[in-house]
Amino acid sequence: MKPKDYRSDLEPVWCSGCGDFGVLKGLTQALSDLSVPPERLALISGIGCSSRLPGYTRSYAFNSIHGRALPIATGLKLARPELTVLVVGGDGDGFSIGLGHLPHTIRRDVRITYAVLDNGIYGLTKGQASPTSAVDFKRTRGLAGADERPLNPVLLVLASGAGFVARTHAGNLPHLRSMFRAALEYPGFAFVHVLAGCVTYQKPAYAEEIYRRCDLLPEDYDPTDFERANQAARDERFQLGILYRREPGVRPAAAGADYTHAAGLWTIDGVAEPTTPGEAD
Ligand code: SF4
């Protein structure tokens, strides 16, 4: 199937120039590359401009409730494991009201791709600051605590133990396409941070400023290096590419401890914790 065959008959109502158009295009290209049958594809979203995206695809689609796309997608994948399940949404939906679901979905490691189209603003409700808005944006607009630091989504998902973490830009279609392809092929929870622009409510120079801050990861970058991925996530500049990819079945080494689950006991660094007080004596 060609990319256009993954489009529904609905015309997007996004503003002309919105970064979400690029994401729709790159995603349909990746689906075409992987020959995903539309009848085996389900796109789930919450609420927001980018959460309209499922309606523009030829797939099963559920534009659900604010911040709740991940648990809905998890339930769907568990009930219908043969489906390719993709969640799309914005930074407000995913990192504000929906944030509590993110680390728990990562812990469950169900095979879902989660793409957050991050434009640092609530677009649908006309321009409030989101958890990823810069401090200067908040000061200018006065729509949030003036000194609230922006959240670092990539650092957050790495610390939660995600096995696949990529970052891309809505204006770089070949890159976007390849990141979606790699995420959809990963046999566990895959997170894609998509930098996108909001041409209507962000400051006019925002999209260009973000684009100028992007670098492709160097060719010798090793995506299995967890410490290196954390460095890349902290970088002032946005590193684009597969920041981290853990081989399936390898235990996560997140937040400095190595947690695993075996025989009904949680263990830390291979040492079982007592299930009841005094049992270790
Ligand atoms: Fe895109 Fe912003 Fe328009 Fe929403 S308000 S469709 S995010 S440009």
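Hydrogens, waters and symmetry mates play no part in the numbers below; they use all other heavy atoms, side chains included. In listed order, ligands and their atoms are each counted from 1.
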Give the atom numbers and elements of ligand 1 that come within less than 4.0 Å of a heavy atom of [X].
X      : answer
Trp14  : 6 (S)
Val199 : 8 (S)
Cys18  : 1 (Fe), 6 (S), 7 (S), 8 (S)
Thr200 : 3 (Fe), 8 (S)
Tyr201 : 5 (S)

How long is the span from the OG atom in Ser133 to the CG atom in Asp91, to the nearest 0.5 Å? 7.0 Å
Got a second to check how far Leu243's CG is from Asp235's CG, nearest 0.5 Å? 10.0 Å
State, with a plain yes or no, whether a side-chain heavy atom of Val192 is found less than 4.5 Å away from one of Arg167. no
Look at Glu208 together with Arg212 and state whether they make a salt bridge at an N to O cut-off of under 4.0 Å. yes
Glu247/Arg245 ion pair, N-O < 4.0 Å: yes
Side chains of Asn63 and Ser45: any donor to acceptor distance under 3.5 Å?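 Judged by distance alone, the side chains do pair up.
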Within a reach of under 6.0 Å around OH of Tyr60, are more than 12 heavy atoms found that belong to other residues, nucleotides or ligands? no
Tell me which protein heavy atom sits closest to atom 2 (Fe) of ligand 1, plus the residue, atom name and distance to 0.1 Å.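 For atom 2 (Fe) of ligand 1, the nearest protein heavy atom is Cys198 SG, 2.3 Å.
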Which protein heavy atom lies closest to atom 7 (S) of ligand 1, and at what distance to 0.1 Å?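 For this ligand atom, the closest protein heavy atom is Asn119 ND2, 3.4 Å.
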Nearest non-hydrogen contact with atom 3 (Fe) of ligand 1 belongs to which option: Pro12, Gly197, Cys15, Gly127?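 When every heavy atom of Pro12, Gly197, Cys15, Gly127 is considered, Cys15 comes closest to atom 3 (Fe) of ligand 1.
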Option with minimal heavy-atom separation from atom 4 (Fe) of ligand 1, where the choices are Gly123, Ala207, Cys49: Cys49
